[in-house]
A.B. asks: 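Quick one: structure below, then a few questions.
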Amino acid sequence: MKTIYLFDVDGTLTPARKQMERGFRNFFSKFCKEFPVYFVTGSDRPKLDEQLPIEIRNAAEGIFTCAGTEFWRKSELVDQRHHEFDKELISTLERIIDLSPYKGRYGKHFEFRTGMVNVSIPGRNIPQEGREAYYHWDRAYGERQAIIKSLARFFPEYTVAAGGQISVDVCPKGWTKAQVLTRLKTWHPDCRFVFFGDKMGADGNDRPLADVIWADSSDNQAISVEDPQQTQTMLESIYRAGHAEQLLELCA
Ligand code: M1P
């Protein structure tokens with residue numbers, strides 16, 4: 001059975017909001033030329049373009065951005081879904097930002113993307129060292145988890161998930177990464193899907209896709225990784241096994 005590989009980007013293929021590392025990049029561009037690959041990221045297209053080199057973007061079968069609300073083939077936007085966000089939700093988020101005890105503020109707290117809004121207490125203009133500081137503070141005090149819980153209670157028509165290090169992603173219910181599986185199954189019937197992501201915990205933004213992948217078929221796999229190094233190690237063994245299989249077929 002043919003395997004289709006799906007990858008989250010931040011934390012799975014690249015460090016959060018950074019470029020792919022050189023060693024991984026060389027190997028992964030070979031991998032994408034030999035195996036069918038899709039990217040499924042919560043980020044928008046400009047961020048993905050900064051993080052993954054063009055030879056890898058162009059070798060992929062397709063790219064889902066904004067949690068699957070946009071679909072691209074190479075650099076062509078094939079389709080997108082739009083949503084008008086509830087004003088009450090946005091004013092609640094503004095109050096949450098104002099009331100947070102976290103002191104470091106850098107501006108740009110909202111980023112509206114196709115079908116989702118990314119919300120950050122410290123703000124998206126945060127420098128790298130500020131990112132790390134907020135991430136560690138949030139792990140200790142659970143601010144994002146608390147935001148996720150209270151929004152789920154008051155705005156059940158929306159799904160809220162932890163983004164990467166400094167934000168939460170808010171989208172209409174069902175407009176999560178899970179939406180990509182239906183389309184992939186239409187394009188690739190009789191295939192199995194293997195998804196790599198680093199945010200498969202209960203409130204992570206890879207979890208909805210992992211859940212539908214597991215529920216769809218026991219041939220599918222959703223693999224939770226710690227970081228891009230672990231993804232690389234796993235892909236290297238898949239690559240070696242794939243080559244061994246091809247050799248066996250040639251010798252048969
Ligand atoms: O891992 C994907 C996430 O990357 C960014 O998260 P953060 O800025 O919190 O590290 C955002 O683009 C977020 O929307 C996205 O899900």
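Indexing begins at 1, ligand by ligand and atom by atom, following the structure's order. All residue numbers in this chain count up from 1 along the given sequence. Keep in mind that what you see is a predicted model, and the values were worked out from it rather than measured.
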A.B. asks: Tell me if the CZ atom of Arg73 is crowded by more than 12 foreign heavy atoms within 6.0 Å.
C.D. replies: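 Yes, CZ of Arg73 has more than 12 neighbouring heavy atoms, counting only those of other groups under 6.0 Å.
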A.B. asks: Do you know which two heavy atoms are closest between Asn118 and Ser167, and how far apart they sit?
C.D. replies: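 Taking every non-hydrogen atom into account, ND2-OG, 2.9 Å.
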A.B. asks: Among residues at least two apart in sequence or on other chains, which ones pass side-chain hydrogen bond (donor to acceptor under 3.5 Å, both in side chains) with Glu61?
C.D. replies: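 Counting only residues at least two positions away or on another chain, Glu61 forms no side-chain hydrogen bond (donor to acceptor under 3.5 Å, both in side chains).
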A.B. asks: Considering residues at least two apart in sequence or located in another chain, which fulfil the side-chain hydrogen bond (donor to acceptor under 3.5 Å, both in side chains) criterion with Gln19?
C.D. replies: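 Once residues adjacent in sequence are excluded, Gln19 has no partner under the side-chain hydrogen bond (donor to acceptor under 3.5 Å, both in side chains) criterion.
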A.B. asks: As a test of reading the model: which N/O atoms of the protein lie under 3.5 Å from N/O atoms of ligand 1, and at what distance?
C.D. replies:
unit_1, atom_1, unit_2, atom_2, d
ligand 1, 6 (O), Gly164, N, 2.9
ligand 1, 8 (O), Arg124, NH1, 3.1
ligand 1, 8 (O), Arg124, NH2, 2.7
ligand 1, 8 (O), Arg131, NH2, 2.9
ligand 1, 9 (O), Gly164, N, 3.0
ligand 1, 9 (O), Gln165, N, 3.1
ligand 1, 9 (O), Ile166, N, 2.9
ligand 1, 9 (O), Ser167, N, 3.1
ligand 1, 9 (O), Ser167, OG, 2.6
ligand 1, 10 (O), Arg131, NH1, 2.9
ligand 1, 10 (O), Gln165, N, 2.8
ligand 1, 12 (O), Ser43, OG, 2.9
ligand 1, 12 (O), Arg113, NH2, 3.0
ligand 1, 14 (O), Arg113, NH1, 2.8
ligand 1, 14 (O), Arg113, NH2, 3.4
ligand 1, 14 (O), Asn118, ND2, 3.0
ligand 1, 14 (O), Asp169, OD1, 2.6
ligand 1, 14 (O), Asp169, OD2, 3.3
ligand 1, 16 (O), Asp169, OD2, 2.5
ligand 1, 16 (O), Asn205, ND2, 2.8

A.B. asks: Can you pull out every salt bridge (charged side-chain N to carboxylate O under 4.0 Å, His left out) where at least one residue sits in residues 213-222? Sequence neighbours excluded, please.
C.D. replies: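 Matches after skipping sequence neighbours: Lys185-Asp216.
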A.B. asks: Are any side-chain N or O atoms of Thr14 and backbone N or O atoms of Lys18, one a donor and one an acceptor, separated by less than 3.5 Å?
C.D. replies: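 Such a contact is found between Thr14 side chain and Lys18 backbone.
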